[in-house]
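Order of the sequence lines fixes the chain letters, A, B, ..., with proteins taken first and strands second; residue numbering starts at 1 for each chain. Nothing here was measured: the structure is a model prediction, and the numbers come from that model.
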Protein chains: 2
Amino acid sequence: MRLSELSEKSGVKTATIKYYLREGLLRPGHRVSATQAEYDESHLRRLRLVRALIQVGRLPVATAREVLSHVDDESLGRTIRLGAALWSLPHGPDPDEEAPETAAAREEVERLLDRLGWATSQELGSLSPAHRALVSSVATLIRLGYPCDVEYLAEQARLMHQVAVQDLDMMETYPTEAEQVETAVASAVLYEPLLMSLRRMAQEEESARRYGI
Amino acid sequence: MRLSELSEKSGVKTATIKYYLREGLLRPGHRVSATQAEYDESHLRRLRLVRALIQVGRLPVATAREVLSHVDDESLGRTIRLGAALWSLPHGPDPDEEAPETAAAREEVERLLDRLGWATSQELGSLSPAHRALVSSVATLIRLGYPCDVEYLAEQARLMHQVAVQDLDMMETYPTEAEQVETAVASAVLYEPLLMSLRRMAQEEESARRYGI
DNA sequence: TCCTCTTGGAGAGTGCCACTATCCAATGGT
DNA sequence: ACCATTGGATAGTGGCACTCTCCAAGAGGA
């Protein structure tokens, strides 16, 4: 199909598709002549993924490019490929090492992982962006004076672990490695807002049960 | 304290504080003379909350102002005040009514709520921003061809309900209504990245258990 | 008192970033 | 032959969160 057709099917303006091509988020179509190129279903699928990453996941274009490059990198083993893709996703700001709360937060996270028995996370420590993001979040909460004691966090973490188990189960239903990696990325980016919507609806539901409408 | 002192204690530049004052995110200080104003702890606390909303929660300034106005509105009852504050938080894009997937998504969500027995959410229907955001998320997943069958969603929703129960329990530990509302907002905005960090760490942990490092 | 420094306030400017409008030469369809 | 369309390159746009610059009115030290 032509660029304009790709545009129609995806609902993305041709100018924007050209921009994505320029930015390397989309592979160039197969050049048929000097003035025309042919695009196929894989381009359409990738374009939709790009839109999802950028619009739903709010990824900056440069970050989306990096994530996609890992998704595409067939030379890596699955674990590395998965890790590379997920670790290049945005995770919020890094902890501010200047702030005194950061040290306290780090200790708190340490205690949390200890209690949970998450040995891997402890070993990876601050290598993992998720770990750093967690420290940063906890530091912010401490700074603002909101409680986040280990007991509470541990309970939430156990629930998140159950979520993660389901995520991985779902990922495993895909046969090929490429699809699994893509699913993992989609899961990280697209299911996040979905889960948060569910959380807020659950809050509304529970609030109505407790206090009435 | 003076504006410059407020700036030092909060780590926010004076120019930025002035900007927040202009935008109505921060109440003006108590004018001591024509050229000086006095700020107190409440300003510092509010400033930190503003920074958290904008930097951690990525709220646009205009949205932050709206949220804060509800937090401050003493004339509302708790339930309404809470609802107003939470409903003005960002929830992702509204569903695209043009797209055919949206109708399917709406049905899917309907079935989900039915299975969960969340009567309130069903009644509120598309009034609730969280509900609309969920439809939008599900529509995106359908469009991209990712699975999100009711069974899977229901399981995740039940987990999120457990999260919500803890959220509300924690909110109830605060004595005053103002604090409860502020905590609810903070919970919605600040605990989201925290929970998502926990989810990704749990994914790493579970992934390591299944496939090794 | 006088001189300098700082303050709060207001408007214009900056930098970033995701697009988007404009051109252009080379087709392709009729 | 003729003209709309295509892919490609370049420059421009709009939104937004700051940030710079200026100004008049005190504050503060010698």
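For the pair A:I54 CD1 and C:dT20 P, the computed distance is 12 Å after rounding to whole Å. The CZ atom of B:R22 sits 13 Å away from the C1' atom of D:dC16 (whole-angstrom rounding).
Looking at heavy atoms from C-beta onward, A:S42 lies in side-chain contact with A:R27 at the 4.5 angstrom threshold.
Note on B:A15: a base of the nucleic acid sits closer than 4.0 angstrom, heavy atoms only. A:T14 comes within 4.0 angstrom of nothing in the nucleic acid, heavy atoms only. Looking at heavy-atom distances under 4.0 Å, A:R31 makes contact with sugar-phosphate atoms alone, never a base.
Residues B:V32 and B:R51 each lie close to DNA chain D; by heavy-atom proximity, the contact nearer the 5' end of the strand is made by B:R51. Map A:K18 and B:R2 each onto its nearest nucleotide of DNA chain C; the residue landing nearer the 5' end is B:R2. Nearest-nucleotide positions on DNA chain D for A:P28 and B:L59 put A:P28 closer to the 5' end.
Using modelled atom types and a 3.5 Å distance limit, the side chains of A:Y211 and A:E206 yield no donor-acceptor pair. Using modelled atom types, one finds a donor on one side chain and an acceptor on the other under 3.5 Å when comparing A:H91 with B:R200.
Residue B:Y20 places at least one side-chain N or O closer than 4.0 Å to OP1 or OP2 of D:dC18. Put simply, A:T35 has no side-chain N or O that comes within less than 4.0 Å of OP1 or OP2 on D:dT5.
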Step-by-step side chain to side chain donor-acceptor pair (under 3.5 Å) determination, A:E204 to B:W87: CA-CA 10 Å; A:E204 289 173 5; B:W87 283 25; 2.9 Å; yes
